[in-house]
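This structure is a prediction, so every number in the text was calculated from the model and none was measured.
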Amino acid sequence: MAETYQSTTDDLLASFEVGVLVLTMNRPERRNALSRAMLQEMARLLEMAEADTDVRTVVLTGAGGAFCAGGDVRAMAEGDPSDTGIDDAIHRQRISQRATAGRLHKMPKPTLAVLPGAAAGAGLALALSCDLRIAAAGAVLTTAFAKVGFSGDYGGTYFLSQLVGTAKAREMYFLSDRYLAEDARDMGIVNRVVDAESLMDEAMALARRLADGPPIAYRYMKENLNRALGGDPLDCMDLEVTHHVHAGFTEDHRNAVQAFLDKRPPVFKGR
């Protein structure tokens, strides 16, 4: 079984043991910022895991002391949005979001995000799409999008609104402030905060406890809980990425990305 879950890219590591599939985002030099290879492989392995009855729990984490910084801002600065049409970009990202954050949220088995450090932007959204979150003390969470002139993607607006309510979610998106894991726990975003040294031990103990639980009952519990939220998260994600990609074609976004790299405050002109 372990051989089945060998990753085809160094950007995402995979390991399987005793009912638990662990996916580790592995670009520590970029704080595990998302790459196309990482997302494609995550989608492939999650699809396999959903259908595999031997996988009872899925864990998503990051290497090198971070969870995921979200989109790769440096790659954004180097790219040209005009290289890809808006409709093609929206379609591609809709597929990616549904196959990653959407599948983590809807697959009929428990999913657990383990945050050793920073979770920002789409990285935070991926963590929010999981059923449970456990974080290292002092880990930082932020939506980040407003700082680079983006509106948000990977379901973060839906998941965060469900966890903290619409007023707090709006504050967190509009201001893009940074929150420590302890604050996130108090707001109901993170389930547990533990010392960094014991994070993976505690996370794997929780994952194995879930893997030893009743899979059929969990399947129905998760469907019941998701239906209780109201609305459809995939529809929300589709609209979210449409707005997000459109924002990526603005002058404000391009200027904000350069300001981020230059370590200076962005100036937004509304165009």
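A distance of 8.5 Å separates CD in Q40 from OG in S35, rounded to the nearest 0.5 Å. Between the CZ atom of R271 and the CG atom of N255 there is a distance of 8.0 Å, given to the nearest 0.5 Å. The CG atom of D177 lies 12.5 Å from the CG atom of L141; values are rounded to the nearest 0.5 Å. One finds the CG atom of L60 at 8.0 Å from the CG atom of L12 (value rounded to the nearest 0.5 Å). Taking CD of E41 as the reference point, atom OG1 of T100 lies at 13.0 Å (rounded to 0.5 Å). Here the CD1 atom belonging to I216 is positioned 12.0 Å from the CE atom belonging to M221, to the nearest 0.5 angstrom.
Looking only at atom types and distance, the side chain of Y173 has no donor-acceptor partner in the side chain of S151 under 3.5 Å away. Side-chain atoms of T157 and E240 include a donor-acceptor pair closer than 3.5 Å. Side-chain contact check for S176 and T143: at least one donor-acceptor pair (N or O, by modelled atom type) lies under 3.5 Å.
The existence of a salt bridge linking E251 and R254 is excluded, since no basic side-chain nitrogen approaches an acidic carboxylate oxygen closer than 4.0 Å. Ion pairing between a basic and an acidic side chain is recognised when a charged N comes within 4.0 Å of a carboxylate O; R219 and E223 show no such pairing. Using a cutoff of 4.0 Å between basic side-chain nitrogens and carboxylate oxygens, E47 and R44 are not scored as salt-bridged.
In this view, D87 satisfies the salt bridge (Lys or Arg N to Asp or Glu O under 4.0 Å) rule with no residue, not counting sequence neighbours. Considering only residues two or more places apart in sequence or on other chains, R98 meets the salt bridge (Lys or Arg N to Asp or Glu O under 4.0 Å) condition with D238. With sequence neighbours left out, E182 forms a salt bridge (Lys or Arg N to Asp or Glu O under 4.0 Å) with no residue at all.
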Exercise answer: donor-acceptor pairs, residues 187-209 side-chain atoms, under 3.5 Å, sequence neighbours excluded:
unit_1	atom_1	unit_2	atom_2	d
N191	OD1	R133	N	2.8
S198	OG	D195	O	3.2

Name the atoms and distances for all side-chain donor-acceptor pairs under 3.5 Å in residues 114-131, with sequence neighbours left out.
unit_1	atom_1	unit_2	atom_2	d
S129	OG	L126	O	2.7
D131	OD1	K222	NZ	3.4
D131	OD2	T111	N	2.8
D131	OD2	T111	OG1	3.2
D131	OD2	K222	NZ	2.8

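The number of heavy atoms from other shown groups lying within 6.0 Å of CZ (R264) is above 12. Counting heavy atoms of neighbouring residues, nucleotides and ligands inside a 6.0 Å radius, atom OH of Y179 exceeds 12 of them.
Pairs passing the salt bridge (charged side-chain N to carboxylate O under 4.0 Å, His left out) check and including a residue from residues 58-70, sequence neighbours excluded, do not occur.
In this structure the side chain of D52 never reaches within 4.5 angstrom of the side chain of F16, judged on heavy atoms. Residues L34 and M25 are in side-chain contact: their nearest non-hydrogen atoms beyond the backbone lie under 4.5 Å apart.
Closest non-hydrogen pair, L45 versus A14, comes out as CD1-CB, 3.8 Å.
Taking the six-membered ring for Trp and thresholds of 30 and 60 degrees, H244 and F150 have nearly parallel ring planes, at less than 30 degrees apart.
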